[in-house]
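Contents: one structure, followed by commentary.
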Amino acid sequence: MNTPSNLTSSFNDEVVAGYFTFRWLFFLQDFQILELLLALFVFVAIHSLRQKKLQGLPVWPVLGMLPSLAVGLRANMYDWLTDILRHQNGTFRFKGPLFSSLNCVVTSDPRNLEHLLKSKFPNFPKGPYFRDNVRDLLGDGIFSADDDTWQRQRKTASIEFHSAKFRQLTTESLLELVHSRLLPVLENSIKQSIPVDLQDILLRLTFDNVCMIAFGADPGCLNPGSPEIPFARAFEDATEATVFRFVMPTCVWKAMRHFNVGTEKKLKMSIKGVDEFADDVIRTRKNELSLQCDDIKKQRSDLLTVFMGLKDEDGQPFSDKFLRDICVNFILAGRDTSSVALSWFFWLLDQNPAVEERILAEMCGIVGEREEVKRGESQSPLIFRAEEIKMMDYLHAALSEALRLYPSVPVDHKEVVEDDVFPDGTVLKKGTKVIYAIYAMGRMEGIWGNDCREFKPERWLRDGRFMSESAYKFTAFNGGPRLCLGKDFAYYQMKFAAASIIYRYRVKVVENHPVLPKLALTMYMKHGLKVNLHRRDESELQKYFKIK
Ligand code: HEM
């Protein structure tokens, strides 16, 4: 809540931020100019205070709401945005500096989300601004494409994602990764009595996993000693440098690209690293497929092999460039989202031991139904079966609850094609950028009730069974025709990894470890998640087998 005193202090912060922004802009040296500008500054401060009553945030001449944004950036940007949205009934208009591309409408209203993502879907594409910024890395892949290019990839990938062969690939590759790589790495940390960065380990797990699904190739990031893999590094650098374009005026990054300097130089080099890996895999796969018999072709179900077997609208095989784009886009979509969600989940679990107990009781209850467990035979090493994972409703609820509070994609965006009006009355002019604030939506009393800031998996259960929510209220996986394609797989992946860890270890976050979100397209923990692992012994698990 904004009390009068913190309203004043936030206003003071904005005045200070405005002052420093002006100073920074003009590089003041001369005292007379300083006096003149101070007078202007006082005038502007009074003007902006008046404006504040009308707009929620002060609008500075030339700078628009940039000084307020600077204040938000100093604290937790997502909480800052949530507070504004709460005070503006779920929607507000952000005015960026003159000539910048920062003007936009920000919303967290489920009615607007349904309008944007479903009812008026064709009027809200990703748009040319987004595509222009990401084209060098993502090309024409599903993530950046609109219209026919998007639809064709979506249709083919969707059929593939729902095929039995693909399900088999995802479950087998995950089982192999968790049991031969993840658990040994965790076990090693116990032997050495050292804390580990669980977020880093999980990021490595999902990167290897999504590369197996997209390329059918394992880069080997998750291994003892956390090796630096050139392809993974190149991918990471290319993503970061691409994101940088969104905070710079278009003409600036285009000039930097032209002269090959700064982040653009880094982007060019890292894209080269990504392309080298992709070209190598594509070349090798083509050779392999040309030599092997049809039976072997049919056995491979990674996306690259599937798309290699298809033709474009002219009846021609897809170009290598297009195949590369398809794979790179899937890797981007699926590489960090599940691992980041799991990291927040383990942090929340550390603070909510009662939830951990219920997860253990559920797991042991399910495993306890195995005939061999009933006969008292040893279950070591215990490997969860796919059908058991699917039965874990409470775990599903706890992961959904973590995603509600810490969605892996905290904000997303669209562009308006034709003039429109949101159901809440907000007028949208052609070309307006719309930001939907997914993080803020999870913290709105109007959507989730007064306990919206509490971690309560029970809110997802009806008679003990998981009940999903409308995608326009719980938008962590997007909604409408562009609903996340990997949603079912992501839940399976998160549940399998979480269950395999929780069954074996108590995960304790290192005392005083700072936990903050990082400002990026994906909501990483800024300082990772340093944890100590403690092995559970048989007697501890027996307790849960009994209370099922
Ligand atoms: C917890 C895990 C995940 C979350 C929270 C998540 C969330 C999202 C969100 C918010 C979008 C919309 C992005 C946009 O259009 O701007 C999206 C799209 C997508 N996701 Fe996921 N995702 C997850 C895991 C995965 C995985 C593991 C894969 C693939 C293996 C995947 C594949 C995709 C694809 C292909 C799209 C693009 C769909 C389209 O534009 O038609 N996702 N996801």
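What you see below is based on every heavy atom in this structure, not just the backbone, and it leaves out hydrogens, waters and symmetry mates. We count ligands from 1, going down the list as the structure has it; atoms in each ligand are counted the same way.
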Which residue holds the protein heavy atom closest to [atom], what is that atom called, and what is the gap in Å?
atom	answer
atom 15 (O) of ligand 1	K126 NZ, 2.7 Å
atom 40 (O) of ligand 1	R482 NE, 2.9 Å
atom 13 (C) of ligand 1	D412 OD2, 3.4 Å
atom 37 (C) of ligand 1	F143 CD1, 4.1 Å
atom 42 (N) of ligand 1	C484 SG, 3.1 Å
atom 26 (C) of ligand 1	G334 CA, 3.5 Å
atom 4 (C) of ligand 1	F477 CE2, 3.5 Å
atom 38 (C) of ligand 1	R154 NH1, 3.4 Å

Identity of the nearest option to atom 9 (C) of ligand 1, non-hydrogen atoms only, from A476, G141, G486, A333: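 It is A476 that holds the nearest heavy atom.
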
Give the single entry among N478, L483, L485 that approaches atom 12 (C) of ligand 1 most closely by any heavy atom.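 Result: the heavy atom closest to atom 12 (C) of ligand 1 is in N478.
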
Does [X] have its ring centroid less than 6.0 Å away from the ring centroid of [Y]?
X	Y	value
F384	Y503	yes
Y436	H413	no
F166	F489	no
F207	F231	yes

Test side-chain contact (heavy atoms from CB on, under 4.5 Å) on L182 and I501; report intermediate values, then the result. CA-CA 9 Å; L182 173 70; I501 295 174; 4.1 Å; yes

Could you tell me, atom by atom, which parts of ligand 1 come under 4.0 Å of a heavy atom of [X]?
X	value
S408	5 (C)
V409	10 (C)
A490	2 (C), 24 (C)
W150	39 (C), 40 (O), 41 (O)
F330	35 (C)

Give yes if a backbone or side-chain nitrogen or oxygen of [X] is under 3.5 Å from a nitrogen or oxygen of ligand 1, and no if not.
X	result
Y436	no
S338	no
K414	no
T475	no
Q493	no

Steps toward side-chain hydrogen bond (donor to acceptor under 3.5 Å, both in side chains) verdict (D393, W460): CA-CA 9 Å; D393 283 273; W460 296 86; over 6 Å; no

Within 45° cone and under 6.0 Å: R404 NZ/CZ vs W448 ring: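 R404 over W448 ring: yes.
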
A cation-pi test, strictly: NZ or CZ of K126 under 6.0 Å from the centre of the six-membered ring of F143 and no more than 45 degrees from its axis. Yes or no?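 The answer is yes; both the distance and angle limits are met.
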
So F422 and H115, would you call those rings parallel, tilted or perpendicular, with 30° and 60° as cut-offs?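 Ring orientation, 0 to 90° scale: perpendicular.
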
Classify the angle between the aromatic ring planes of Y129 and F246 as parallel (below 30°), tilted (30 to 60°) or perpendicular (above 60°).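 Y129 and F246: perpendicular rings.
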
Side chain, backbone, both or neither: the part of T337 lying under 4.0 Å from ligand 1 by heavy atom: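 Both parts.
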
Honestly, for H413 the part within reach of ligand 1 (heavy atoms, under 4.0 Å) is neither

Spacing of CD belonging to E458 relative to CZ belonging to R358, to within rounding of 0.5 Å: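 It comes to 5.0 Å.
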
Are there over 12 heavy-atom neighbours, none belonging to D424, within less than 6.0 Å of that residue's CG? yes

Knowing that exactly one of Y524, Y406, Y439, F455 qualifies, which makes a ring-ring contact (aromatic ring centres under 6.0 Å, His included) with W344? Y406

